[in-house]
Each structure stands twice: as structure tokens, then as C-alpha cells.
Amino acid sequence: MMGKLAHPNQPGVKPYTMNWGDADPQVRGPIVVSRHPSSINIRNALGAYGGPYSVYRALAVAMEELAEDHRPNFDHTQPVINIPQQPQWSDPTKIVSMDPFGHLTSQYYEKEIDRGLDIRPTIAITRAHMLVPEIQAEVKSGTLPVDGKVVMTDDGELNVHKAAIDPVWYLPGIACRLNVEEDFLRRCLFESTGGMYPELITRPDIKVFLPPIGGLTVYIFGNHELISDSNTRLTVRVHDECNGSDVFCSDICTCRPYLIYGMIEAIKEAQNGGVGLIIYFRKEGRALGEVTKYLVYNARKREGDSASKYFERTENVAGVKDMRFQGLMPDVLHWLGITKIDRFMSMSNMKHDAIIDAGIQILERVPIPDELIPADSKVEIDAKIAAGYFTNGRIPDAEDLSRTVGRGWDDSQS
Ligand SMILES: Nc1nc2c(ncn2[C@@H]2O[C@H](COP(=O)(O)OP(=O)(O)OP(=O)(O)O)[C@@H](O)[C@H]2O)c(=O)[nH]1
Ligand SMILES: [Zn+2]
């Protein structure tokens with residue numbers, strides 16, 4: 001296996017052309033990350049296709065259920081809608097964490113793929129119908145009308161387009177965005193993944209890295225052709241994954257209620273001729289992960305859960321409050337050609353500031369209405385407002401924070 005490790009000075013090693021940020025996809029070059037025999041010497045990217053699922057692929061290969069050199073058949077997999085090229089795609093400072101041509105690889109690099117190169121899309125765009133219980137209830141009660149375009153039926157069936165995006169990191173651009181040195185960033189990535197990608201160190205000539213992390217999904221309500229038109233109204237919720245609340249309806253935070261509220265407002269915008277977007281990032285537990293999150297829940301509930309201690313408890317376990325680093329988040333907005341958001345469905349100062357710093361305007365910030373906040377999640381929301389989250393109401397002071405308490409636990413009931 002080790003014999004496969006290509007080094008820049010080994011004979012035959014000649015990375016494929018890669019000019020990140022070039023407007024011409026041929027000049028930019030395809031992302032070639034595969035270690036198939038046809039690609040290994042010309043790889044211009046480190047890591048692996050598929051983010052965390054590359055590890056499952058390894059298991060499938062190990063169990064001989066998948067051929068190591070399997071090549072996907074891309075017939076009929078092309079995007080169902082056109083996300084047209086934007087000037088932002090060729091501004092190497094604007095997009096550094098995804099491949100703007102990622103949905104068009106089989107089209108732009110057909111020749112290379114036919115020649116035997118293993119080049120895969122890192123973006124897929126499809127359409128779907130959705131049935132969301134809370135939204136079905138709004139349709140039944142008449143708050144959301146059936147328009148036949150976004151809300152399709154009396155049952156509240158929704159019509160949506162969606163794009164799944166895997167991360168593709170241009171390391172010099174990531175380093176610059178995070179304000180760190182590229183060499184140091186590469187070393188930290190190498191060390192903190194258990195030395196998983198030695199080429200981060202041995203191949204400084206390769207600038208693109210496909211990290212083993214989850215990406216994001218964009219849900220589009222309304223006419224996708226208008227997303228980049230600054231005369232069209234745009235409602236956007238950027239949401240970070242909270243599986244416990246989003247899927248399993250835990251009441252300790254506002255995640256699902258805010259997500260659904262964002263969806264309803266996105267649908268209303270689309271019904272009024274604008275566009276609504278939900279951008280869903282896989283950054284569970286503020287990117288600290290669910291295990292850390294549950295450890296903190298235990299500490300909070302056992303020690304008396306108050307808003308004044310909320311972030312401290314997270315820092316005790318994780319060392320930091322948050323590892324989402326919203327600075328990379330606006331790339332997807334640039335990919336969609338967005339220059340202005342009319343209604344931003346978030347109270348997060350970190351999301352807001354990252355979008356403004358990316359040169360995108362936000363005209364209105366829309367907090368979650370009080371009646372949608374579950375009682376036990378008051379602790380979190382008050383702590384966030386005190387830490388700088390946007391509110392139209394009063395900012396809680398130290399005394400308020402120690403008075404905002406959540407449900408306590410009696411361990412004998414566990
Ligand atoms: N570590 C940790 N993460 C939490 C906790 N509660 C919620 N989260 C995570 O916090 C993140 C919340 O993200 P969002 O729903 O996008 O909300 P936000 O960034 O706080 O701000 P808004 O846009 O105003 O809702 C998700 O990643 C959740 O999984 C907690 O108690 N501990
Ligand atoms: Zn949550």
C-alpha cells in the first residue's frame with residue numbers, strides 16, 4: 001500500500017492543471033482526488049470524494065463488496081435545474097470551501113472521464129416533494145394558501161429543488177479566510193485527524209483538500225432562476241444541524257422551531273414571487289459533535305441549568321463554545337450569485353457578520369417569535385442574546401441570566 005504514496009519528485013508524478021478561481025472550467029481543471037491507477041500520478045487534490053462516506057467506501061472495498069477501481073456511471077444524473085455560472089465563481093477570494101463547478105463535472109470534464117480519469121461531482125441537484133407536519137397544519141388552517149407551485153395540494157405537499165454539496169477546500173483560500181498560515185493549517189489538519197492525510201505535509205504542491213466532513217444542502221422554494229436577481233426578494237435561513245431537535249423534536253433548544261419558521265417564511269416569500277432558501281449545514285452541536293453536546297447537557301442538568309452558566313459549561317468540556325467558523329459559510333451564497341438577502345431568518349451575530357464580511361447585504365433580521373420558543377430552551381436563547389445574538393427585545397443582564405433556568409434533573413429518575 002505504502003508504495004502507492006506519490007511524491008512530487010517521483011518520476012511520473014505530474015498533477016493535473018489546477019488554477020483555482022479561473023472562470024474557464026478547462027483552465028481551472030477538474031478536481032482529481034482519486035488514487036485509482038489512472039489518476040494517482042496526476043492527482044491535484046488530497047483527501048477523498050464523499051466526505052465522511054469515504055470511510056464507508058473503504059469498508060466496502062475491504063469487505064470486497066466494492067471494486068477498488070469502481071467507476072460510477074453518471075448517465076441521467078445531471079442537475080434538474082441550471083445554477084448558472086456567476087462572476088463569484090471566478091473570484092478566488094469568494095469561494096474557497098466548495099467547487100463551484102462541482103455539479104457540472106460530467107459535462108465539463110467528459111473527455112477526461114472518457115479517458116479513464118475518476119472525476120466525480122461534488123454537487124448534485126434534484127427536486128423533491130415534502131410533507132412537513134407543522135406546514136401541513138398551516139395549510140389545513142388556511143394560513144398558507146395552496147398555490148399549485150410551491151404548496152401543491154390541500155395536504156400541504158411542498159415542491160422544492162435541492163442541492164447537496166460536499167466540501168472542497170482550496171487550502172490557501174481557507175487559510176486566508178481563517179487568517180492563519182497555510183503551512184500551519186496543513187500541519188493542524190494532519191495532526192488533529194490522527195495523521196490521516198500525510199500528504200497535507202508531504203505534498204505542499206497540492207492545494208485542494210476534500211476533507212472527511214459533512215457538507216450542506218440547499219433547499220430552494222420558488223423560481224430558482226431568480227435567486228441571483230437582486231431585484232427579487234429573498235428570504236434565507238442558514239441552519240446548522242441539530243439532530244436531536246431537527247429530527248427528534250427535543251425541546252432543549254429552538255432549532256426545529258426556527259427551522260420550520262424559516263421554511264414557512266421562505267414558502268411565503270416564494271408565493272409572493274420571491275425566492276426562499278434553507279441552507280442546512282452538517283455542523284452538529286456547533287460542530288463540536290453530538291457526544292460533546294450530550295456531555296454538556298448532563299453537566300447543565302446536574303449542576304442546575306441557568307443561562308448565566310450556559311456557554312461556560314460547553315467550554316469546560318470542549319475548550320471552546322463553538323467550532324462552526326461561519327467565515328466559510330457564505331461561499332454557498334456566492335455560488336448561488338446572491339448579493340443581498342431581504343429577510344435573514346436568524347439571530348446569530350456570527351452568521352450575520354460572516355455574510356456582511358463576504359460583501360452580501362442583509363436588509364432585515366428576523367428573530368424566532370417568542371411563542372415558538374419551548375420553555376426548556378429559554379436558557380439557551382437568553383444566553384445567546386446576552387452573548388450578542390440579535391433581538392428586537394431587551395438584552396438580558398447578569399441577573400436575568402441567573403434567573404433564566406431550565407428543567408432540573410433528579411438522577412434517581414434516570
Ligand atoms: N454544543 C452544543 N451545541 C448545541 C446546543 N444546543 C444547540 N446546539 C447546536 O447549535 C447549533 C445551532 O445552530 P442554528 O440552529 O443554526 O442556530 P444558531 O447558529 O444558534 O443561531 P440562529 O440562526 O439564531 O438560530 C447547531 O449546530 C446545534 O446542534 C448545546 O447545548 N450544545
Ligand atoms: Zn438544537
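In this structure a side-chain-to-backbone donor-acceptor pair under 3.5 Å is present from Arg186 to Arg203. Listed for the Glu284 side chain is a donor-acceptor partner under 3.5 Å among the backbone atoms of Asn243. Between the side chain of Lys162 and the main chain of Ala128, no donor-acceptor pair closer than 3.5 Å is present. For the pair Gln86 (side chain) and His334 (backbone), a donor-acceptor distance under 3.5 Å is absent. Tyr109 places a side-chain N or O within donor-acceptor distance of the main-chain N or O of Pro25, the cut-off being under 3.5 Å. Asn272 places no side-chain N or O within donor-acceptor distance of the main-chain N or O of Gly274, the cut-off being under 3.5 Å. Judged by distance alone, with hydrogens and angles left aside, the side-chain atoms of Lys207 form no donor-acceptor pair with the main-chain N or O of Leu171 at under 3.5 Å. When atom types are taken as modelled, the side chain of Thr193 and the backbone of Phe190 share a donor-acceptor pair closer than 3.5 angstrom. The backbone N or O of Leu189 lies less than 3.5 Å from no partner atom in the side chain of Ser192, so there is not a single donor-acceptor pair. Arg343 places no side-chain N or O within 3.5 Å of a backbone atom of Glu269 that could act as its donor or acceptor partner.
A donor and an acceptor atom, one from each side chain of Asp382 and Thr404, are located under 3.5 Å apart. Looking only at atom types and distance, the side chain of Thr93 has no donor-acceptor partner in the side chain of Arg177 under 3.5 Å away. A donor-acceptor contact closer than 3.5 angstrom is absent between the side chains of Ser346 and Ser348. Side-chain contact check for Asp246 and His239: at least one donor-acceptor pair (N or O, by modelled atom type) lies under 3.5 Å. A donor atom on one side chain and an acceptor atom on the other are found under 3.5 Å apart for Asp331 and Ser97. A donor and an acceptor atom, one from each side chain of Thr153 and Asp155, are nowhere located under 3.5 Å apart. With hydrogens and angles left out, the side-chain atoms of Glu265 and Tyr261 include no donor and acceptor closer than 3.5 Å. With hydrogens and angles left out, the side-chain atoms of Glu380 and Tyr310 include a donor and acceptor closer than 3.5 Å.
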Please report the C-alpha distance between Thr217 and Arg282 in whole Å, then the side-chain angles of each, then the deciding distance to 0.1 Å, and finally whether the side-chain hydrogen bond (donor to acceptor under 3.5 Å, both in side chains) criterion is met. CA-CA 9 Å; Thr217 311; Arg282 300 317 181 305; 3.1 Å; yes
Please step through side chain to side chain contact (heavy atoms under 4.5 Å, CB included) for the pair Ile123 and Asp166, ending with a clear verdict. CA-CA 6 Å; Ile123 301 177; Asp166 276 343; over 6 Å; no
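Other residues, nucleotides and ligands contribute only 12 or fewer heavy atoms inside 6.0 Å of the CG atom of Asn179. The neighbour count for Glu181 CD, taken as heavy atoms of other residues, nucleotides or ligands under 6.0 Å away, does not exceed 12. Atom NZ of Lys293 has more than 12 heavy atoms from other residues, nucleotides or ligands within 6.0 Å. More than 12 heavy atoms of other residues, nucleotides or ligands shown are found within 6.0 angstrom of NZ on Lys140.
Salt-bridge formation is not detected for the pair Glu312/Lys321: no Lys NZ or Arg NE/NH1/NH2 atom is positioned less than 4.0 Å from an Asp or Glu carboxylate oxygen. Between Asp376 and Lys378, none of the side-chain N atoms (NZ, or NE/NH1/NH2) sits under 4.0 Å from a carboxylate O, so this pair counts as no salt bridge.
Residues Tyr197 and Phe209 place their aromatic rings such that the two centres sit under 6.0 Å apart.
Across all their heavy atoms, Thr232 and Lys340 have their closest contact at O-NZ, 2.9 Å. Nearest heavy atoms, Pro100 versus Trp335: O-NE1, 3.1 Å.
Relative ring orientation between Trp20 and Tyr170 is described as parallel, the plane-to-plane angle staying below 30° on a 0-90° scale split at 30° and 60°.
Annotation: cation-pi pair Arg28/Phe101 absent, no NZ/CZ under 6.0 Å from the ring centroid and within 45° of its normal.
With rounding to the nearest 0.5 angstrom, the CG atom of Leu210 is 9.0 Å from the CG atom of Leu46.
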